[in-house]
There are 2 protein chains.
Amino acid sequence: MTDSKNIQRTILPEPTLRRLPWYLAYVTLLDNLHVEHVSSTQISKELNVDASQIAKDLSFLNIKGKTRIGYDVHQLTKELVDFLGFKKKHNAVVIGAGSLGAALMNDKGLSQYGLNIVAGFDVNEEIIGTHVGDIPVYDIAELKERQKENHAQIAILTVPVNHSQSAANDVIEAGIKAIWNFTPFRIKAPADVVIANTSIYAHLALIYNRMAERK
Amino acid sequence: MTDSKNIQRTILPEPTLRRLPWYLAYVTLLDNLHVEHVSSTQISKELNVDASQIAKDLSFLNIKGKTRIGYDVHQLTKELVDFLGFKKKHNAVVIGAGSLGAALMNDKGLSQYGLNIVAGFDVNEEIIGTHVGDIPVYDIAELKERQKENHAQIAILTVPVNHSQSAANDVIEAGIKAIWNFTPFRIKAPADVVIANTSIYAHLALIYNRMAERK
């Protein structure tokens, strides 16, 4: 088991945090194929990341590779899942249960990564009181009150861009300390609030541009 | 109008491409509020990006700010939308019409950003032949054949991680030159194939870790 006290004290560089899930994806594959050991050189070849960088990244985990043998695949998979927090259940609410918000509420894959969406919130009277799958949609005005039962640690922000900041303010006011921001707006928040930006439309711009370049 | 020949010749740095949608989000807001002009200093304060960086990023566009007045908000909004390719229609297919894939097929927001999902493909006999919204789901074996009518420029990859590479191979074999990879797997492709990685689960790991740190 990973020592959770150690995790909390170590500030992990963001690039490491972005690479660890790649390693997890690859070693999960190997584990499913009953491969027993993997070296950082092998991972390096497969993922196009420098082998010494991989060794450094994995040094944050409580696992040691053996000379000439490498890492135990099954153990490495388990350690990565634990370390990345995918095995713990994190309650979340979706703010803005429109197209993208409802889509995420429908994505059963997220629960496999430790995300437990317990409710959606919206301003649209037509969807307030309905359900997306099994998940109820409430009036955004009830966010703070409902938080007593929701115990959400994370708010997923999928509102129209012109409501991004005010919705974020509501979230913070309700005492939720982490915002997964899917809007392209750079929201402002106190330093103790964690913000992760996933601007999927920005990635589209990247694809379009790179496509045009290669023509 | 932006000169599309210029766009194709200029290789934009990725960080610039990531910031441009932030500017767009902000100036769209201003435009809706009928604000007429905005300076890079103002954008800088709002988005926490260096003003000289903003001026540099915007220099890729066919727009000039005026001294002491700044940029025309409406024109800047239009130029950014054009430049980012959000106004052109790009046909796309979803490979893996499971939970995340179906979620994206249900997200009507994507079409506002120029993405036109025309079909989904899967291996699961239970969903082959069904529709997600109005979008048909076909057998993945028909990908190449269907491409004659689909004319997809982009394949959205939302398959389980152990099928990432083989699905990517099918996509490339079908002649599709851009892959929007939602799997955590680093797929390999020839140099003329554009790959954009949106690993939403990696962002979850980032949130969990940062939350643990601040406890």
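Numbers restart at 1 for each chain; the letters A, B, ... are given by sequence-line order, proteins then strands. Only heavy atoms go into these numbers, but all of them, side chains included; no hydrogens, no water, no symmetry mates. In this text the structure is predicted, and so the values were computed from the model without any measurement.
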Exercise. Using a 4.5 Å cut-off on heavy atoms from C-beta on, say whether the side chain of Tyr201(A) contacts that of Leu115(B).
Key: no
Quiz item: In terms of heavy-atom contacts, does CD of Glu36(A) have more than 12 from other residues, nucleotides or ligands at under 6.0 Å?
Solution: no
Practice problem: Side-chain contact test, heavy atoms from C-beta onward, threshold under 4.5 Å: evaluate it for His90(B) versus Ile207(A) and give yes or no. | Solution: no
Self-check item: Among Phe182(A), Trp180(A), Phe86(A), Tyr23(A), residue most engaged with chain B (heavy-atom pairs, under 4.5 Å)
Solution: Trp180(A)
Quiz prompt | Portion of Ile154(B) that has a non-hydrogen atom of chain A nearer than 4.5 angstrom | solution = side chain
Quiz prompt | Between CZ on residue Phe83(B) and OH on residue Tyr208(A), distance to nearest 0.5 Å | solution = 15.0 Å
Quiz item: Any salt bridge between Glu46(A) and Lys188(B), counting N to O under 4.0 Å?
Solution: yes
Quiz item: Side chain, backbone, both or neither: which part of Asn48(A) has a heavy atom under 4.5 Å from chain B?
Solution: neither
Self-check item: Aromatic ring pairing Tyr26(A)/Phe185(B), orientation class (parallel under 30°, perpendicular over 60°, tilted between)
Solution: tilted
Self-check item: Contact class of Ala191(A) relative to chain B, heavy atoms under 4.5 angstrom
Solution: backbone
Quiz item: Which distance, rounded to the nearest 0.5 Å, do you find between the CD of Gln112(A) and the CG of Leu204(B)?
Solution: 12.0 Å
Quiz prompt | Interatomic spacing from CZ in Arg19(B) to CZ in Arg186(A) - rounded to 0.5 Å | solution = 11.0 Å
Quiz item: Between NZ of Lys177(B) and CZ of Arg214(A), what distance do you get to the nearest 0.5 Å?
Solution: 10.5 Å
Quiz item: Looking at His203(A) and Ala196(B), what are the two nearest heavy atoms and their distance?
Solution: O-CB, 4.5 Å
Self-check item: Top of Gly101(B), Gly114(B), Ser199(B), Gly98(B) for chain A proximity - count of heavy-atom pairs under 4.5 angstrom
Solution: Gly114(B)
Quiz item: Which bit of Ile195(A) comes within less than 4.5 Å of chain B, counting heavy atoms only: side chain, backbone, both or neither?
Solution: neither
Quiz item: Picking from Asp192(A), Leu84(A), Asn106(A), Val161(A), which has the most non-hydrogen pairs under 4.5 angstrom with chain B?
Solution: Leu84(A)
Quiz item: Say you draw a straight line from CG of Leu104(A) to CG of Leu104(B); how long is it, rounded to the nearest 0.5 Å?
Solution: 8.5 Å
Quiz item: Side chain, backbone, both or neither: which part of Thr198(A) has a heavy atom under 4.5 Å from chain B?
Solution: both
Exercise. Please flag which part of Val49(A) lies under 4.5 Å from any non-hydrogen atom of chain B: side chain, backbone, both or neither.
Key: neither
Quiz item: Which heavy atom of Gly109(A) sits nearest a heavy atom of Ser99(B), and at what distance?
Solution: N-OG, 3.5 Å
Quiz prompt | Atom pair CG (Leu100(B)) and CG (Asp107(A)), whose distance is rounded to the nearest 0.5 Å | solution = 5.0 Å
Quiz item: Would a 4.5 Å heavy-atom cut-off, applied to side chains only, mark Thr28(A) and Asn162(B) as touching?
Solution: no
Quiz item: Does the side chain of Leu206(A) come within less than 4.5 Å of Leu12(B)'s, by heavy atoms?
Solution: no
Practice problem: Would you name the heavy atoms of Pro21(B) and Pro184(A) that are closest together and state the gap between them? | Solution: O-CB, 4.1 Å
Exercise. Could you tell me whether His37(A) atom NE2 has more than 12 heavy atoms of other residues or ligands within 6.0 Å of it?
Key: yes
Self-check item: Heavy-atom pairs under 4.5 Å with chain B, option from Ile179(A), Leu110(A), Asn32(A), Ile187(A) with the top count
Solution: Leu110(A)
Quiz item: Which answer fits Ile200(B), side chain, backbone, both or neither, if we ask what part of it has an atom under 4.5 Å from a heavy atom of chain A?
Solution: both
Self-check item: Choice from Asn197(A), Thr183(A), Val194(A) maximising heavy atom contacts with chain B below 4.5 Å
Solution: Val194(A)
